[in-house]
Every structure is written in structure tokens, then in C-alpha cells.
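The basis for the numbers below is simple: all heavy atoms, side chains too, and nothing from hydrogens, waters or symmetry mates.
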Amino acid sequence: MKRSFAAAAGIAVVATLALAGCSGGGDDAAAPEESSGPVTLSLSGWSIDTTPEFQALADAFHEANPDITVEVKGYDATEYNTLVTADLAAGSGPDIITQKEVKFLPTFAEGGQLLDVSDVELPDGISGAKSYELDGTAYAVPYRNDSWVLYYNKALFDQAGVEYPDGSWTWDDYSDAAAALTDGLAAAGSSAKGAYLHNWQSTVQGFANAQSDGDILAGDYEYMEPFYDNVLALQDAGDQVDYNTAKANQLTYQGEFGKQNAAMLQMGTWFVATLIAQQASGDADDFEWGIAPIPQVDSKTAGLDNTPVTFGDPTGFGINAGIDESKVAAAKKFLAFAAGEEGAQVLAGIGITPALLTDPVVETYFSVDGAPSDDLSKFAYSTHEVHPENPTSNKAAAVQGILGDMHTAIMSGSKSVTDAIKEAQDRVANEVGTD
């Protein structure tokens, strides 16, 4: 799925928007009857105090549609899918179900808990719509779609005497920069590392899958080996905190980058809003930073004349199959609002990356106080080919669990890369089966 816009001044971007399986309205779809009076919808969310997108969308939608009120129902973030599933089973589930993780969509859909929303019209160029389709039927629509980029601390780069990323970096360039930063910072009296790699499996496997066109359901993971070799080399050289230390000390990516313990961080665009807020509150240090395209395998996709490849899953809204029939039209209207230009503007205005990126939306996003304003940051944010982290399959969760074990074994040093990959392949074949 390509999301490409000439959003940055001074950068000539020639790119094509690929239509993400737009779930256009069909002539055969039966239109539900609209309620003749006020309608109140419930919407599931999580971490409501620190995740403002739910209430922001609800408020903006109500302002545009005064007869429809959307009430946000909060759930614990770590147990979200379990708790929502329990409420659905008890008949007390929300009318609109936020799809927190794509890999769980098949569970909801195949359990008969989601309404067919194929007739909700989506705008051209929206990202992530295909992730919510099963056998040609759409069970949710995307409203946000973060992608992974490279954050860098300009002050630490200056202190180490290293040039900023220019958008052309390969993984070899990234490794060279991490080494130069670590050495340069040490010479300047700083203990900061060149980079921080968080302990999630996606920090390695997400890029391996996207940039190697890997299919985790196929059961062959040898293509991940060079990506693991690269991060292990950085770890062994001391250019990033080693995995065991990060786990034992419960290091956070927010703390490592925000407190200037690392000059570079690979992370999703959701961190932009967090970093801005933490710098404003004092939880993060005050320093100038920017984002750059994630490093690439080679020059074929690196550089400002190309479209860098990265990964990221959408977040979407589905409708409870048990919703009162009189509320269906209102619920679908909310989905169309959230996925469209109006919803995208609302999200961009609070530093959230919408699934729909247009030039006006990108402009709104970078007008947020505290956001970077340089051309490369705008290019990295708006120009990329995004591959999904999770395939839409009822096998995805089980396969990802096995690959998570593989990641831990490799990064902790308990198994070699080759042995851990072989074990994961055998487990997927025997425990899950391959496509």
C-alpha cells in the first residue's frame, strides 16, 4: 500500500497512490432504516486519558451530526481484546468496536460478532482497507495507520560530529552512523549510545517482512537472518543497549530517546504525539529532533527519488453484529466520517497519523506545536510504501507467538540465528500449518 504525497516544500516527490482495496458502496447493499430521532452509539477504546483520538472523533462527529451522540467506553489496553470479547458474549458489547490489532479481526468476524460494512464508502488513497477484508467482505474500516520511521536527535548528532540522515540510508549506512555516533559521543564525554532498539519482535521482523516481501504464514523465515545479523552486530559492538540489559532494566523507548540516552530510534509515527507531549510536560528533555525514512536494504528504494518501504498495521472501526437495527445507519455514518477527510483532519490536529493522508492533512499534522518542520521529516511521514505487520488470517496470532519466541531466543543469545529460525519453522509447520 503506497502513501505518497508531495507534502514537503523543496522536495520533488513523484509517486503513485495505490488504492487500498476501497470498500465502495454496492448497489445491492440493503440500506438500513435511519432512526427518526436522536441516536446514542457506544464506542470501545482504551487508555482514554492518554489516548485522545476516541473522544476527539466522537466530539467532532457529534458537532457535525447533532442528533447522533457517541459515548466512549474505556477498556484496559493490555486486556482489550479479551474484555471486549467477554462483553460481546454477554450481550453488552459496544455498538462500534475498535479493532486494536488486525490479527484478531478474523476471530471477531468468524465468530459472527462484526457487521458487514462493505457498503461504507471510503476515500481514494486510504491506507489499510485490505487488512479488514475476509473473502471479499469488509468487516471494519481504517481510521489511522501508523508507519515506522527513524527518529534522530539533532543535538546528539551535532555533539558527535555526525551528519544527519538524508533519506538515502541503507541498513549499512545506519550501522555506520550508529558506530560513529557512539564513538563521537564518548569522545565528547557523553555515555549516550548511537541507537536504541526496543525489545519488540517487530523492530526486526517487521522490516524483514516488508523489505523482503516475506509471508509469515508460508513458514519459511530464512530471509530474516541478515536482519538479525545486523542488529546483533550493533549490540555486540556496544552501539545499542543489548537486549538482556534492556529487558532486565525494563527500559522504555520513550525514556531512552526522550532522555537522550540514544541518538536514534526506530519507532512508529504514534511516538510523534507522545514525544511532543513529553517535551512539553518535561518528561522528556528539550532538544531538536526529526524523523527520516527507515533505512532500506539497498538503493533501489532508498533516496528522495524513490519510495521507501516500511511497515505498520492500521487501526479500524467495526460494527457490533448485535447492534440495534435502528442504529446501523448512524454507526456506518460514523465509520465513513472517521475514515474520511474530516476525521483525518481531527486526528492530524492532535498528532495522530490518519489512514488518509492528503496534502491538507499533512499540513495540519506538521502545524502541531512542537512537531518538526524540516522537509525530510515531512517526506518520511508522507511518502512510503507501507506493508502490513500482520496478515488477516486466523493463523496470524499463533504464528506471531512462535516468532516472538524466536525473537527472544535470538536476541537473548540463547540460540543462534540459524537454530532459532529452524525451530520456529518446525513449530509453525507442526503446530499451526502453513499456507
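Between Arg427 and Asp405 a salt bridge is recorded (basic side-chain N to carboxylate O distance below 4.0 Å). Using a 4.0 Å cut-off between a side-chain N of Lys or Arg and a carboxylate O of Asp or Glu, Asp374 and Lys154 qualify as a salt bridge.
Inspection of the Asp158 and Tyr164 side chains reveals an N or O donor paired with an N or O acceptor under 3.5 Å. Residues Thr170 and Asp172 bring no donor and acceptor atom of their side chains to less than 3.5 Å of each other. A donor atom on one side chain and an acceptor atom on the other are not found under 3.5 Å apart for Glu389 and Gln205. For the residue pair Asn320/Asp95, the side-chain donor-acceptor check at 3.5 Å is not satisfied. Between Tyr253 and Gln266, the side chains place no donor N or O within less than 3.5 Å of an acceptor N or O (distance only, hydrogens not considered). No side-chain donor-acceptor contact under 3.5 Å links Gln99 and Tyr139. A side-chain donor-acceptor contact under 3.5 Å links Tyr75 and Asp87. Inspection of the Thr98 and Tyr143 side chains reveals no N or O donor paired with an N or O acceptor under 3.5 Å. A donor and an acceptor atom, one from each side chain of Thr301 and Asn306, are nowhere located under 3.5 Å apart. In summary, the side chains of Ser190 and Gln159 do not present any donor paired with an acceptor at a separation below 3.5 Å, with no hydrogens or angles considered. A donor atom on one side chain and an acceptor atom on the other are found under 3.5 Å apart for Asp116 and Ser118.
Two rings, from Trp289 and Phe257, have their centers 6.0 Å or more apart. Separation of the Phe207 and Phe227 ring centroids does not fall under the 6.0 Å cut-off.
Here the side chain of Asp215 pairs a donor or acceptor atom with the backbone of Leu217 at under 3.5 angstrom.
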